[in-house]
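All remarks here apply to the structure that follows.
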Number of protein chains: 2
Amino acid sequence: MIDPKPQGTQRSGALSREHIVSATIELLDSSGESAVTVRALTAHLSTGRGAIYHYVSGKEELLAAATDQIIRAVFETSADDPDARQSLRNLALGIFDALTEHPWVGIQLGREPRQPAVFRIWTGIGALLQRMGVTGHASSNAGAALMNYLLGAAAQYAATVHKVPSGGDRKAYLELFAAELTRLDSEVIDQEAAAALVEHDDREQFLAGVDIFLAGIEAGAASGRSETGEQ
Amino acid sequence: MIDPKPQGTQRSGALSREHIVSATIELLDSSGESAVTVRALTAHLSTGRGAIYHYVSGKEELLAAATDQIIRAVFETSADDPDARQSLRNLALGIFDALTEHPWVGIQLGREPRQPAVFRIWTGIGALLQRMGVTGHASSNAGAALMNYLLGAAAQYAATVHKVPSGGDRKAYLELFAAELTRLDSEVIDQEAAAALVEHDDREQFLAGVDIFLAGIEAGAASGRSETGEQ
DNA sequence: ACCTGAACACCGTTCAAGT
DNA sequence: ACCTGAACACCGTTCAAGT
């Protein structure tokens, strides 16, 4: 009763940055990235085409804001653990699961390194590595490596999720993919690896990659610098 | 004297897929990805707009073909080493160096997982991991992890290389970036890590990431499975 | 068969005009 | 101040028409 404006999911009420970003996420989720045009968006918001430019500098900022909203939610829900290593795994899985729900996030994360969502992940990883006792030069390298892995996996997964059928055709598709790999150089890909490709679980494989990283970081921290140049 | 056609770098002679891809690479290198429009390309080739569609299905295939040409060259020049581990490092560095010369490659690699250049890297990594004695399930996980790292690093680096000044301004830019990271959560990023960010060498950091991976793979192979679910 | 370039069906962004 | 929607300056792709 206090606020005379309707709470307006989309059509009515005043426009705001928040409304615009929410509508963008809806459109992204329901129809994919190619469907997010200024025309479609403003139609969805029942407003003029130029209106959104009062709240947002352009399409790039819009996509970055949508991505940050998803990543922020991951940080809010990701379970913290007394073991920093486990927290890092939780964070990585949280990002992975968010990607499954919003595949466009994976593509957007890789597009622009200086965007809020990427900053957020940087600092999150940095804090956890510090808690793990990794500091200084090693922390910088480890953080960058983990970041690169995460973003690479995100982009790959996001690009695949739309193209790999999820039902019973998934196996057939992956068998084709494995066959293509073996055909290219049949001596080189062993049959066991090809079979693993067909039967692997994406989420488990993603986590296996995180664990390889963590093992490498811990091995490096334990043994000191190996052959890479000092300083 | 045998062939009456001029050898035509661009304007004269018959059109061919090879010519078109070469012109695309030239345009990509000289003016960046945004400059590669069908209009600019066909002007460069002094032909009609529709002509290229006789040789190539569209812009996506064109960019994929350009990318594959660069990656193929990396494989041809990358030094093979009796030590498979060292060969893998050489390959990774070869890809990194190609990216420095052709930043658009990094972005293109992340865009589409089912493209020739990506297949090529998959099989290359697979072969070297096998030579390292990593096989079966572990090889599939290790290969995917390394692939994700490589593609993530490629995309990040490609996106940064245009935006970070390379001269004396580089330091100032990175200091700003470091400040932004610390500002976000000043307790959390240690000063040493921030300093490392400013002074790090991209190529060295990239290689450090590869080494973290290799250490993790070797640690995993030595200790067997850790806590990740069996099968 | 190969090539041309107008035409088509779109884009993101700007901006004078309205309220 | 906020919003509208025509106009602007582009895109990639198609296709009838030419050679």
Side-chain angles (χ1 to χ4, degrees), chain A residues 3-28 30-67 104 107-108 111-112 115, chain B residues 3-28 30-67 104 107-108 111-112 115:
Chain A
D3 189 356
K5 279 177 290 184
Q7 59 273 71
T9 49
Q10 57 196 61
R11 62 173 70 208
S12 57
L15 216 47
S16 73
R17 196 188 142 98
E18 215 176 51
H19 268 108
I20 295 170
V21 173
S22 293
T24 305
I25 293 178
E26 271 170 42
L27 213 49
L28 246 7
S30 65
S31 317
E33 195 173 341
S34 64
V36 180
T37 64
V38 175
R39 279 160 179 80
L41 185 65
T42 50
H44 192 66
L45 290 160
S46 327
T47 185
R49 257 181 295 279
I52 62 163
Y53 292 92
H54 283 271
Y55 299 93
V56 126
S57 70
K59 204 185 175 182
E60 196 178 319
E61 188 187 324
L62 202 55
L63 292 173
T67 304
W104 48 272
I107 292 153
Q108 181 56 30
R111 211 148 28 211
E112 168 61 61
Q115 78 183 292
Chain B
D3 189 355
K5 280 178 291 184
Q7 61 273 72
T9 50
Q10 57 195 63
R11 63 172 70 209
S12 55
L15 217 49
S16 74
R17 195 187 142 100
E18 215 176 51
H19 269 107
I20 294 170
V21 173
S22 293
T24 305
I25 293 178
E26 272 171 41
L27 213 49
L28 246 8
S30 66
S31 317
E33 193 172 343
S34 64
V36 180
T37 65
V38 175
R39 278 158 178 81
L41 185 65
T42 50
H44 193 65
L45 290 160
S46 328
T47 187
R49 255 177 303 273
I52 62 162
Y53 292 92
H54 283 272
Y55 299 94
V56 127
S57 71
K59 202 184 178 184
E60 196 178 321
E61 188 188 321
L62 203 54
L63 291 173
T67 304
W104 49 271
I107 293 155
Q108 180 56 31
R111 205 132 50 196
E112 168 60 59
Q115 79 183 287

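What you see is a predicted model; the values in this text were computed from it and never measured. Here is how names work: the chains are called A, B, and so on, in the same order as the sequence lines, proteins then strands, and each is numbered from 1. Just so you know, these numbers use all the heavy atoms, side chains as well, and skip hydrogens, waters and symmetry mates.
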Show me the donor-acceptor pairs, under 3.5 Å and distance only, between side chains in residues 56-66 of chain B and residues at least two apart or in other chains.
unit_1	atom_1	unit_2	atom_2	d
B:S57	OG	B:E61	OE1	2.8
B:K59	NZ	B:V36	O	2.9
B:E61	OE1	B:S57	N	3.1
B:E61	OE2	B:R17	NH1	2.5

Q | Counterpart residues, salt bridge (Lys or Arg N to Asp or Glu O under 4.0 Å), relative to A:R111 (two or more places apart) | A |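 For A:R111, the residues satisfying salt bridge (Lys or Arg N to Asp or Glu O under 4.0 Å) (neighbours in sequence not counted) are A:E33.
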Q.
Identify the stems formed by DNA chain D, where each pair is Watson-Crick or G-U wobble with both distances under 3.5 angstrom and a stem is at least 3 consecutive pairs.
A.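 Consecutive-pair runs (3 or more) involving DNA chain D: C:4-8 with D:12-16, C:12-16 with D:4-8.
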Q: Could you pull out the closest heavy-atom pair between A:T42 and A:V38, with the gap in Å?
A: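 Closest pair (atom of A:T42, atom of A:V38, distance): OG1-O, 2.7 Å.
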Q. Can you give one letter per nucleotide of nucleotides 8-19 of chain D, going 5' to 3': B for a protein heavy atom under 4.0 Å from the base, S for sugar-phosphate only, - for none?
A. ---BBBBB----
Q) Are the side chains of A:Y55 and A:V21 in touch, meaning some heavy atoms are under 4.5 Å apart? A)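 Not in contact.
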Q. Who pairs with B:A35 by side-chain contact (heavy atoms from CB on, under 4.5 Å), at least two apart in sequence or on another chain?
A.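 Checked B:A35 against side-chain contact (heavy atoms from CB on, under 4.5 Å); matches are B:S31.
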(Q) Run the side-chain hydrogen bond (donor to acceptor under 3.5 Å, both in side chains) test against B:S16 and tell me which residues pass, sequence neighbours left out. (A)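 B:S16: side-chain hydrogen bond (donor to acceptor under 3.5 Å, both in side chains) contacts with B:H19.
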(Q) Going by the rule side-chain hydrogen bond (donor to acceptor under 3.5 Å, both in side chains), which residues pair with B:Q115 if we only count those two or more places apart in sequence or in a different chain? (A)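 B:Q115: no side-chain hydrogen bond (donor to acceptor under 3.5 Å, both in side chains) contacts found.
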Find the distance [X]:[atom1] to [N]:[atom2] and express it as a whole number of Å.
X: B:H54; N: C:dG5; atom1: NE2; atom2: C1'; value: 12 Å
X: B:L41; N: C:dG5; atom1: CG; atom2: C1'; value: 16 Å
X: B:Y55; N: C:dA1; atom1: OH; atom2: P; value: 12 Å

Q) Going by the salt bridge (charged side-chain N to carboxylate O under 4.0 Å, His left out) test, which pairs reach into residues 40-57 of chain A, not counting sequence neighbours? A)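 Of all non-adjacent pairs touching residues 40-57 of chain A, none passes salt bridge (charged side-chain N to carboxylate O under 4.0 Å, His left out).
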